[in-house]
Amino acid sequence: MRNQGASSTALKVLLAATLSIILATTVLLLFAADFRSALWQFFVEPFSSRYFFGNYIADTVPLIIAGLGVSIAFRSRNFNLGGEGQLYAGALAGAVLALHISEAFGPSAVWILVAFIGAFIGAMIGTISGLLKAYWQVSEMISSYLLSAIIINISDFFITGLLQDRTSNFQTTAQIPSEFLLPRIFAPSKLDISIWFALFLILFFQILSKKSKIGFELMVCGENEEFARYCGISVRAYNIAAMAISGGLYGLSGALLVIGPQGRVMRGFSSGLGWSAISVALLAQGSELAILPSALFIAFLKAGSDHVMIGSGVPSEIISILQAAAMLFITAQVLPGLGQRRRQ
Amino acid sequence: MNLSLMALIDFLRYTIAAATPLLFASIGGLFSELSGMLNIALEGLMAIGAFFGMAAAGLTNNIFLGALAAILSASLASMLMGLMTSKFRTNIFITGLAINMLAQGITAVLSQAWYHTKAVVAFDIPIDSHLFSSSISQLPLIGVLFSYRSMFTICAWLWVLISAFIIKNTRHGLRIRATGSNPQAVSALGFSPDRIHMQALIWSGIGSGLGGYALGLSISAFVPNIISGRGWIALVAIYLGRKRPFWVAASCLLFAFAESSSNYLQGFSAIPPLLVLALPYLVTLISLILAKREQ
């Protein structure tokens, strides 16, 4: 990664983005009843009003936060595929806390506690996969995916049972009172102050990974495990920490969605965000600062797909095709060597 | 026959039926695993096989053409994986992830375009018109066990036998195993590891495609989340079976047992069904940990 010039990396990312835009156009040409209006819905409508634009920017918040986590884990060659479950569990824990303590505390205390508990729950789940990798050599990809599947079922169980809002026709928890939701900053859209926090996290992790000893050692673990051990770095600890941070940021982004745009946890809350965050991290190519443009790009694809679904009836799942294409285009040289097996 | 015996036989039948898609996919995945490629796209390949297989079967009203379409579509997708990893040197895990995403997108978009829904697409396929069902179900005990979609169940076990033979006793199988343990030696002998990886991936495409199709046939429909983690469970079966075909097949039976238990337990009102749905994943995760620990 580092031996390529920054400009050639940027060029590759731009190429991948361009190719997925071309693919989007092709898919619309093939499947939209009215190609022209579908084009407008996909490319222009997300920017066409304060409401749409603000919601589009609001969608980048979880992508930035979770994407940062995936990116940090990549640094040490850890692959967290449990994002869906970690985000869901973080959101659910946050919602339960917000609904129960909102009377005893002021809003800002609730926000901090909810963000903390969401991050904590996510980190715990990530840690399990990290421990399994460190002590049992269980692939963190598979264990995190399976854990996530278990957690999604358990969360569904709580949402449709104990935590079900009896007054609602949807399978959802109760609504958090609006005074305990994060203040909106771009009316009438759902964009709230969590965007500032997301931007702060980008800077924080940029400094952590580029300037701190922790960031350096994390990278050494990823680049060459043998060498890291030789230098006295605890590879085990870093594997666990990487999964914990990644899970924690997934949980945090779930919690912020609950006290932000969503206000409650509906069944199927994560809706592919866990996977999208991986695309964001891949597009960013190991740079924390680049998480911002790549989250903007993936959120744009999502906004465009949603608008096309409402306007032209092309399923919003085209986002999966576009993300897959972007991933394939970009991965040619990301994480070199991860695919080759170490001899046992 | 008394009632509890009937319930037991029903349970066993369900277990054997539940093992069918897993057997196809995990034995297919075993080929790529042995060649040194951890194929995390089994899930997506199964979805592709299920969708295109059912679509073709619905169109032609012929379950064999459906099977052919399932094989072709899933192998094409796995060839795309092979092409990306060999020619463009993409990372195999990310490629697998992309294939899983692609499968989700393509099936939803085509389902909307062809059937005007992305929810349940029901097909009017005569699932009872099986090859062996009439003759085999006459046999005592075995007949009862196999009377669920007998043909695909029998094919799945034949697939296990044939694959085991290919892996253990043919030159092709030897090359695949050699590529997995020592690619340098294989290329020193003048074979291209990329080519062998590609062949192994095609095997996994064939297996997963048929597995997904068997799943579709079992309900005579395609639903968006039809695979619901079985591709991943099939992947773990490879590890639990220590990459040996018959042990992999046995692991599939274990996971099928977990699935049918979870189905069975859902009937009890005392146990919440959604919680029980987590059981197969839990059993899979625990066995993954145990399998690694014993090594």
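Per chain, numbering begins at 1; letters A, B, ... match sequence-line order.
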Practice task
Please step through side-chain contact (heavy atoms from CB on, under 4.5 Å) for the pair B/I94 and A/F79, ending with a clear verdict.
Solution key: CA-CA 10 Å; B/I94 297 168; A/F79 222 157; 3.5 Å; yes
Completion exercise
CH2 of B/W114 to CZ of A/F31, rounded to nearest 0.5 Å, is 8.0 Å
Exercise for the section: Provide the closest heavy-atom pair for B/A108 versus A/P315 in the form atom of the first, atom of the second, distance. Expected result: O-CG, 3.6 Å
Exercise for the section: Kindly check if the number of other-residue, nucleotide or ligand heavy atoms within 6.0 Å of CZ (A/F297) is above 12? Expected result: yes
Exercise for the section: Can you establish whether the number of heavy atoms outside A/F170 located under 6.0 Å from its atom CZ is more than 12? Expected result: no
Problem - Shortest non-hydrogen contact from A/G313 toward B/Q112 - result: O-CG, 3.5 Å
Fill in the blank from the handout: Between B/Q104 and A/S320 the two heavy atoms that sit nearest each other are OE1-OG, 3.6 Å
Problem - Engaged part of A/S279 at the chain B interface, taking heavy atoms whose separation is under 4.5 Å - result: side chain
Problem - chain B contact via A/L132 - side chain, backbone, both or neither, heavy atoms under 4.5 Å - result: side chain
Exercise for the section: Go through the atoms of A/L81 and report whether side chain, backbone, both or neither lie under 4.5 Å from a heavy atom of chain B. Expected result: side chain
Handout entry: B/L285/A/S143 under side-chain contact (heavy atoms from CB on, under 4.5 Å): CA gap, chis, key distance, verdict
Key = CA-CA 6 Å; B/L285 182 62; A/S143 76; 3.9 Å; yes
Fill in the blank from the handout: Counting heavy-atom pairs under 4.5 angstrom with chain A, the leader among B/L110, B/T95, B/V236, B/L97 is B/L97
Exercise for the section: Evaluate the side-chain contact (heavy atoms from CB on, under 4.5 Å) criterion for residues A/S276 and B/M101: first the C-alpha distance (whole Å), next the side-chain angles of each, then the deciding distance (0.1 Å), finally the verdict. Expected result: CA-CA 10 Å; A/S276 299; B/M101 279 190 166; 5.5 Å; no
Exercise for the section: Kindly give the heavy-atom pair with the smallest separation between B/L288 and A/V138, and that separation in Å. Expected result: CD2-CG1, 3.4 Å
Problem - Side-chain touch B/Y239/A/I142, heavy atoms, less than 4.5 angstrom - result: yes
Completion exercise
Heavy-atom nearest pair, A/I321 first then B/V109, reads CD1-CG2, 4.0 Å
Exercise for the section: Below 4.5 Å from any heavy atom of chain B, which atoms of A/I319 appear? Answer side chain, backbone, both or neither. Expected result: neither
Problem - Spacing of A/S139 atom OG and B/I40 atom CD1 [to the nearest 0.5 Å] - result: 8.5 Å
Fill in the blank from the handout: Separation between CG (A/L282) and CG (B/N91), nearest 0.5 Å, reads 8.5 Å
Handout entry: Within 6.0 Å of OH in B/Y264, more than 12 heavy atoms from elsewhere
Key = no
Practice task
Measure the CG-CE distance between B/N100 and A/M327 for me, rounded to the nearest 0.5 Å.
Solution key: 9.5 Å
Handout entry: Atom group of B/L235 that falls short of 4.5 Å from chain A, counting heavy atoms
Key = side chain
Problem - Rounded distance [0.5 Å steps], CZ in A/R77 versus CZ in B/F93 - result: 11.0 Å
Fill in the blank from the handout: dist B/S228:OG -> A/I152:CD1 (nearest 0.5 Å) comes out at 11.5 Å
Completion exercise
If you tally heavy-atom pairs under 4.5 Å between each of A/F157, A/Y145, A/F158 and chain B, the highest tally belongs to A/Y145
Fill in the blank from the handout: Ranking A/A149, A/G272, A/G161, A/A324 by heavy-atom pairs under 4.5 Å to chain B gives rank one to A/A324
